[in-house]
Q: 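Pasting a structure here, questions to come.
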Amino acid sequence: MKIRTVALNTFKEAIRDRVLYLLLFFSAVCIILARLLSILTVGDRIKIIKDVGLASISLFGALMAILMGTGLVFKEIDKKTIYTLLSKPIHRFQFLLGKFFGLVLTLLIMIALMSVIFLALLFFHTFHIEWRILLPICFVFMELCLITSVALLFSCFSTPILSSLFSLSFYIIGHLSWGLETLIKKIPSINMRAVFKALYTFLPDLENFNFKTEIVHNLPIPPDIYLYSVLYGIAYTGFVLVLAMLVFRRRDFI
Amino acid sequence: MNAALKIESLHKSFKTGFIPKKKTILKGISLSVNAGEIFGYLGPNGAGKTTTIKCILGLIFPDEGFIEVLGYPFLSLKAKEKLGFLPENPYFYDYLSASEFLDFYARLFGIKRTERQTKTRNLLRLVGLEKAAHIPLRKFSRGMLQRIGFSQALINDPDIVLLDEPLSGLDPIGRKEIRDIIVRLKEEGKTVFLSSHILQDIEMICDRVAILVEGEIINQGKITELISEKILFTEIIVSGIKPDDLAVLGGNVSTQGDRTLLKIHDEDRVESIFKLIQSSGGKIHSLIPRTQTLEDIFVGMVKKT
Ligand SMILES: Nc1ncnc2c1ncn2[C@@H]1O[C@H](COP(=O)(O)OP(=O)(O)O)[C@@H](O)[C@H]1O
Ligand SMILES: [Mg+2]
């Protein structure tokens, strides 16, 4: 109940923030630009629209998650609103989870809005709605949940700018780390291989949530890969949230 | 009488600076607030009043010491169910309207919807903001924020209210209104713990006070016990007396227009000076014996340490 109350208030805060609409506007511009791009280039136009559209949703979603996620807890501490809030009968972890779910709700709605724009654009091009295209968007949403939890964790102990940088690094590393896997296979030394393997398991692999190419190019996806990705997302997000709660539990609000 | 708030040997230090250096803020605070009284926690800026209140609320963790609120250990949610708090400079969610703001806190106490609505309305009326119910807090003035903060502290009908500098930043009328509300809270049987660095505001409503200087309580008790009834000096304002005669009267003299202010420190001389003025044809406009105020004690103690 208390988590829900904080979440709804966070949601209210987020949707009354102009930054969100600015990002939404630019994402719409990008999605529509995909249409233009498809006219200018040779090749399968539909595929280009899908590619660029999905990439825009993923990128702007991540920006929203990072920019709002890092501001959330910090703003409460910086503006000292947290004093009054925590003087009420609420546990610190409830506060943190409330913030998390509030932002996740906001992102869900933003993703839905972007998807509507995207689907409409596709519809005007092909005159039928392709529901399968929603699948990679669902996984983008899972990725955003993870990024939100990371942004939340960083904002528990640093300023918005620093934690934005950290979260952005997390995002970028997360999308490049799969390269390590290929690297590992090529390393001759067993010890080095073990080190890199450990690094790879610890580092996030956000490519686990990327089904864009498969869907756009109509490649088959084995169902156990979905399952793995969902479990990976839930486990990693949960882990980061627990970490954030531990950081938050004994900190002084000064 | 049972204690609504009990603090024993509370210590708190902060690590500050690039190379962490320990700075001790609270050096063993002990106090006990009786149920149903107004307790003033007085001290100059930077004495550690806010730090103490933050410890009570569990916003910061004491290094050492024991805190009990309404018989519960201070971190328990049970204590917070029955507690109200007004922060020092009211910082609130500026994107909410006044009624949304109160509704949010009411929800945290699990109050039902219909009850939330009547509570919100009543509290806004209590602090004179019923017309501002739908204005976002962003547009509120300093005084209005203080009032909405006050109503937020009362949303759960608390048994104990902690007010951090409740009267600062208000105009004289606003101060009187808040003071009246505080007195009303006491009449309703609530315990009030308030901190302040302005003494005149406090001395007329507090039952007991503690004076905090640099993290130590240097005195606590009933105000009447702290203030002696002794007359410090007598102020007499006279007119129609020649300057030469005034010099004979002695005491501190300052003249403004045709009126002269005399400060007589020796109580025994007041009578004879009174007669002297009358015999030399002067007129007495006022004669006021000054007793010690809390401020005098306060300044004296702060100077000593
Ligand atoms: N986070 C902090 N780090 C270091 N010093 C602090 C911190 N917070 C408060 N102080 C110091 O503690 C002292 C007491 O502060 P405070 O409790 O706010 O005083 P008061 O409320 O009585 O004016 C001040 O000297 C202040 O500089
Ligand atoms: Mg203070």
Side-chain angles (χ1 to χ4, degrees), chain A residues 1-21 68 71-99 101-103 105-106 156-159 245-254, chain B residues 12-16 25 50-51 53-63 69 72 74-97 100-101 103-111 116 136-138 148-149 152-153 155-156 158 161-162 164:
Chain A
M1 266 325 283
K2 287 169 187 169
I3 296 177
R4 204 183 75 177
T5 303
V6 175
L8 286 179
N9 190 48
T10 306
F11 176 68
K12 241 184 220 170
E13 174 175 8
I15 58 166
R16 289 179 188 182
D17 192 343
R18 273 189 216 102
V19 177
L20 191 66
Y21 296 101
M68 312 209 59
L72 277 178
V73 174
F74 183 82
K75 239 194 264 170
E76 291 262 359
I77 299 170
D78 190 48
K79 292 195 172 175
K80 305 189 180 175
T81 47
I82 198 166
Y83 294 176
T84 324
L85 184 51
L86 290 185
S87 76
K88 307 291 181 235
I90 179 171
H91 289 292
R92 288 184 175 196
F93 77 87
Q94 290 173 321
F95 164 79
L96 214 55
L97 285 181
K99 285 275 146 189
F101 286 116
L103 192 63
L105 179 64
T106 315
C156 283
F157 56 81
S158 72
T159 60
M245 284 179 217
L246 289 179
V247 170
F248 209 59
R249 206 169 68 97
R250 298 297 292 182
R251 98 160 256 196
D252 278 351
F253 295 112
I254 48 179
Chain B
K12 178 68 193 174
S13 58
F14 288 118
K15 292 206 175 63
T16 51
I25 309 293
T50 303
T51 306
I53 292 178
K54 281 188 192 169
C55 284
I56 299 171
L57 293 170
L59 293 172
I60 58 180
F61 295 93
D63 300 340
V69 183
Y72 298 107
F74 74 112
L75 284 179
S76 93
L77 292 197
K78 284 237 175 61
K80 289 187 176 175
E81 293 278 356
K82 286 276 143 211
L83 180 146
F85 166 58
L86 171 71
E88 185 167 13
N89 295 302
Y91 302 96
F92 299 124
Y93 303 107
D94 52 9
Y95 52 90
L96 294 179
S97 73
E100 281 176 324
F101 174 77
D103 192 67
F104 169 63
Y105 290 116
R107 275 169 193 267
L108 288 178
F109 286 99
I111 299 172
R116 283 206 305 269
L137 299 190
R138 190 175 344 112
I148 194 76
Q152 158 279 129
I155 193 82
N156 56 329
V161 215
L162 310 180
D164 199 357

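Proteins come first, then strands; the chains are lettered A, B, ... in the order of their sequence lines, and each starts at number 1.
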Q: Shortest non-hydrogen contact from Leu96(B) to Lys12(A)?
A: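 Taking every non-hydrogen atom into account, CD2-CD, 3.7 Å.
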Q: Can you say whether Arg92(A) sits under 4.5 Å from chain B via the side chain, the backbone, both, or neither, judging by heavy atoms?
A: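 For Arg92(A), the side chain is the part near chain B, not the backbone.
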Q: Got a sec: does the CZ of Arg249(A) have more than 12 other heavy atoms crowding it under 6.0 Å?
A: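 Open.
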Q: Checking heavy atoms, do the side chain of Ile82(A), its backbone, both or neither come under 4.5 Å from chain B?
A: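 Contact with chain B is through the backbone of Ile82(A) alone.
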Q: Show the nearest heavy-atom pair for residues Thr84(A) and Phe92(B), with the distance to one decimal.
A: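 Closest pair (atom of Thr84(A), atom of Phe92(B), distance): OG1-CE2, 3.5 Å.
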Q: Look at the side chain of Lys54(B) and the backbone N and O of Tyr83(A), then say whether any donor-acceptor pair between them is shorter than 3.5 Å.
A: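 A pair under 3.5 Å: no.
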Q: Top residue by heavy-atom pair count (under 4.5 Å) with chain A, among Ile155(B), Leu75(B), Leu57(B), Leu59(B)?
A: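 The candidate making the most pairs under 4.5 Å is Leu59(B).
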Q: Please classify the contact between Glu88(B) and chain A as side chain, backbone, both or neither, with a heavy-atom cut-off of under 4.5 Å.
A: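 Neither part.
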Q: How many angstroms lie between OG in Ser87(A) and CD1 in Ile56(B), if you round to the nearest 0.5 Å?
A: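 With rounding to 0.5 Å, OG (Ser87(A)) is 12.0 Å from CD1 (Ile56(B)).
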Q: Given heavy-atom pairs under 4.5 angstrom as the criterion, report whether the side chain, backbone, both or neither of Asn156(B) touches chain A.
A: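 Looking at Asn156(B), nothing touches chain A.
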Q: Which atom pair, heavy atoms only, marks the closest approach of Lys2(A) to Leu77(B)?
A: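 So the two residues come closest at NZ-CD1, 4.3 Å.
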Q: Specify the closest pair of heavy atoms between Phe14(B) and Asp252(A), including all atoms of both residues, with the distance to one decimal.
A: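 Looking at all heavy atoms of both residues, the shortest contact is CE2-OD2, 4.2 Å.
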Q: Does any non-hydrogen side-chain atom of Arg107(B) lie less than 4.5 Å from one of Asn9(A)?
A: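 Asn9(A) vs Arg107(B): side chains apart.
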Q: Can you tell me how far the CG atom of Leu85(A) sits from the OH atom of Tyr93(B), to the nearest 0.5 Å?
A: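 So the CG of Leu85(A) and the OH of Tyr93(B) are separated by 4.0 Å.
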Q: Looking at Tyr105(B), is Lys88(A) sitting on its ring face, NZ or CZ under 6.0 Å from the six-membered ring centre and within 45 degrees of the normal?
A: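 Yes.
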Q: Among Lys79(A), Arg4(A), Gln94(A), which residue forms the greatest number of heavy-atom pairs with chain B at distances under 4.5 Å?
A: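 When all of Lys79(A), Arg4(A), Gln94(A) are compared, Lys79(A) has the most.
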Q: Go through Lys75(A), Glu76(A), Met1(A) and name the one with the most non-hydrogen pairs under 4.5 angstrom from chain B.
A: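 Counting heavy-atom pairs under 4.5 Å, the top option is Glu76(A).
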